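Everything below concerns the one structure shown next.
Just so you know, these numbers come straight off a predicted model, no measurement behind them. Residue numbering restarts at 1 for every chain, and letters A, B, ... go by the order of the sequence lines.
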Number of protein chains: 2
Amino acid sequence: MKRSKISANVIRRLPRYLRKLDDLAYHGVERISSGELGKQMSLTPSQIRQDFSCFGEFGQQGYGYNVEALRDEIATILGMKRGYSAILVGVGNLGHALMENFGFAAYGFHLKAAFDVRPDLVGTEVAGVSIYHADQLAAYLREDSVDIAVLAVPRRFAAQVARMLSENGIGAIWNFTNLELDLDNSKTLVENIHFSDSLLTLSYYLTEAREEDGEA
Amino acid sequence: MKRSKISANVIRRLPRYLRKLDDLAYHGVERISSGELGKQMSLTPSQIRQDFSCFGEFGQQGYGYNVEALRDEIATILGMKRGYSAILVGVGNLGHALMENFGFAAYGFHLKAAFDVRPDLVGTEVAGVSIYHADQLAAYLREDSVDIAVLAVPRRFAAQVARMLSENGIGAIWNFTNLELDLDNSKTLVENIHFSDSLLTLSYYLTEAREEDGEA
DNA sequence: CATGCCTTGTGAATACTGTAACATAACTAT
DNA sequence: ATAGTTATGTTACAGTATTCACAAGGCATG
């Protein structure tokens, strides 16, 4: 275990390992070797062993890895066992979709509250979570410490809300806004989901493929 | 211009350049140097120049880059000018959110139709796009060629729908499903939006930060 | 119109990431 | 038990990606 400074590439592969291991466990697989895992995930066995070795020695020679145990190790590494608290800001279509369909609990998160400005939403519940008025957000944060805020407000409010969250001590922002949040001299972590970036990347590769097919 | 084989890292930075350039243009900025752009985007000027040089020579010595022109070059590279057609499969909360809030047109995409199985949705319109029954999907694809399918169905249907899309000649799938699509011997491109991977990455970094703060 | 200032594009150097190879040790079957 | 097989963790290597450094060339000002 040499948890000095692990590269972002390794970190971003961990959730994928987790998903795969969950899947294997679900199908009753009890053990797996780096070779087999590599085949199933289109990775080299070397890379898999190297990735895991950043965090410890989870396998056994001549046997491989215990699926359940490895899954748990990765879950722990990712902080899933810490029971982080979350709030959602912006109960529009997307916020609503996240509340109803994204299982925060399955990833160890506790979604404690949601906030919006629409009077017809305030006071109601979605998927068992109460919706408060956005005006109460700052007070809520001061009262009750929150680890992560899911930011799903319209673009024009994003910068302002993000700053407010940061100033009130939020640990991290999961940003669904199209905007590049700029909180540079703050300690708040930011992780972006930029739909458009993803689509445009796909668009690029599609274009490349079409060009290769002679369509010039 | 040496458009031989451009690394994925470069490609994934392009949409971000585009967003930044749009923003600059919106604020009336007409020209920008790699130095200034680098400062604003937290990238080295070298990297920016190197990235662009993969596709051509868009700048001028002693001047920098013309914001508008560069923006257009990147838009073209990304295939935004090609007017790709798209359909959406699965008009649940998320699909609905995408139809209403994600501006496909702004990225050069034409969302032509949506598909679902729910009788109360079939026959209606969302954001000007008609919803058809999923049974008609295969026929629709054969009739009318479609470039990209947005896959937003429940997880349990994902594999089956993806295979069907692929078999009916879809060019690419934009996958919002938690599932790792496995279409290996097909030509269909896949781009994933894995919400959980993103959240767990954030969770990792939050955990790391907390550990550094002595909280062990 | 010429001089000095910028800023590009690129080739070379550095740093990082991923792959290969291997020594080591646990498991399995006889 | 023992021999053989298997698969790990790690060290050494190869391949990418990023940064540095500079020659070349346009821009702007006097």
Quiz item: Tell me: CD of B:Glu36 to P of C:dT8, nearest whole Å?
Solution: 11 Å
Quiz item: Is A:Arg13 near enough to C:dG18 that one of its side-chain N or O atoms lies under 4.0 angstrom from OP1 or OP2?
Solution: yes
Quiz prompt | B:Phe102-B:Trp174 aromatic ring centre distance below 6.0 Å | solution = yes
Quiz item: Looking at B:Tyr65, does the NZ or CZ of B:Arg31 lie under 6.0 angstrom from its six-membered ring centre and within 45 degrees of the ring axis?
Solution: no
Practice problem: Ignoring the backbone of B:Gln50, work out which of C:dG9, D:dT8, D:dT18 is nearest its side chain. | Solution: D:dT18
Quiz item: Of A:Leu43 and A:Gly62, whose nearest nucleotide on DNA chain C comes first from the 5' end?
Solution: A:Leu43
Quiz item: Is B:Arg49 near enough to C:dG9 that one of its side-chain N or O atoms lies under 4.0 angstrom from OP1 or OP2?
Solution: no
Practice problem: Please report, rounded to the nearest Å, how far the P atom of C:dG18 is from the CZ atom of A:Phe52. | Solution: 14 Å
Practice problem: Output yes when at least one side-chain N/O atom of B:Arg31 is less than 4.0 Å from OP1 or OP2 of C:dT8, else no. | Solution: no
Exercise. Would you mind reading off the distance between B:Gln47 atom CD and C:dT7 atom P, rounded to a whole angstrom?
Key: 19 Å
Quiz item: Any idea which of C:dT7, C:dT17, D:dC27 is nearest the B:Ser33 side chain?
Solution: C:dT7
Practice problem: Verify whether one side chain among B:Ser186 and B:Thr188 offers a donor that lies under 3.5 Å from an acceptor in the other. | Solution: yes
Quiz item: Where does the angle between the aromatic ring planes of B:Phe176 and A:Phe195 fall among parallel (under 30°), tilted (30 to 60°) and perpendicular (over 60°)?
Solution: parallel
Practice problem: Take atom OH of B:Tyr65 and atom C1' of D:dC27, then tell me their distance rounded to the nearest Å. | Solution: 16 Å
Quiz item: Are B:Glu208 and A:Lys5 within salt-bridge range, i.e. N to O under 4.0 Å?
Solution: yes
Practice problem: Tell me whether the OP1 or OP2 atom of C:dG18 has a side-chain N or O from A:Ser46 closer than 4.0 Å. | Solution: no
Quiz prompt | B:Ser34, nearest nucleotide to its side chain (from C:dT8, D:dT18, C:dG18) | solution = C:dT8
Quiz item: Can you find a side chain N or O atom of B:Gln60 that sits less than 4.0 Å from OP1 or OP2 on D:dC27?
Solution: yes
Quiz item: Expressed in angstrom and rounded to an integer, what is the separation of B:Glu30 atom CD from D:dC27 atom P?
Solution: 15 Å
Exercise. Look at B:Thr44 and D:dT19 and indicate whether a side-chain polar atom (N or O) is within less than 4.0 Å of OP1 or OP2.
Key: yes
Quiz item: Which of the following nucleotides, D:dG9, D:dA12, C:dC27, is nearest to the side chain of A:Tyr63?
Solution: C:dC27
Self-check item: Value in whole Å for how far the P atom of D:dT6 lies from CG of A:Leu37
Solution: 19 Å
Quiz item: Side-chain donor or acceptor of B:Gln61 under 3.5 Å from a matching atom on the base of C:dT7?
Solution: no
Quiz item: Is any side-chain nitrogen or oxygen of A:Asn9 closer than 4.0 Å to OP1 or OP2 of C:dG18?
Solution: yes
Practice problem: Kindly say whether the aromatic ring centers of A:Tyr140 and A:Phe115 come within a distance under 6.0 Å. | Solution: yes
Quiz item: Which whole-number value in Å describes the distance from A:Ile48 CD1 to C:dT19 P?
Solution: 10 Å
Quiz prompt | Atom pair distance, as rounded to whole Å: CD1 in B:Ile32 and P in C:dT7 | solution = 11 Å
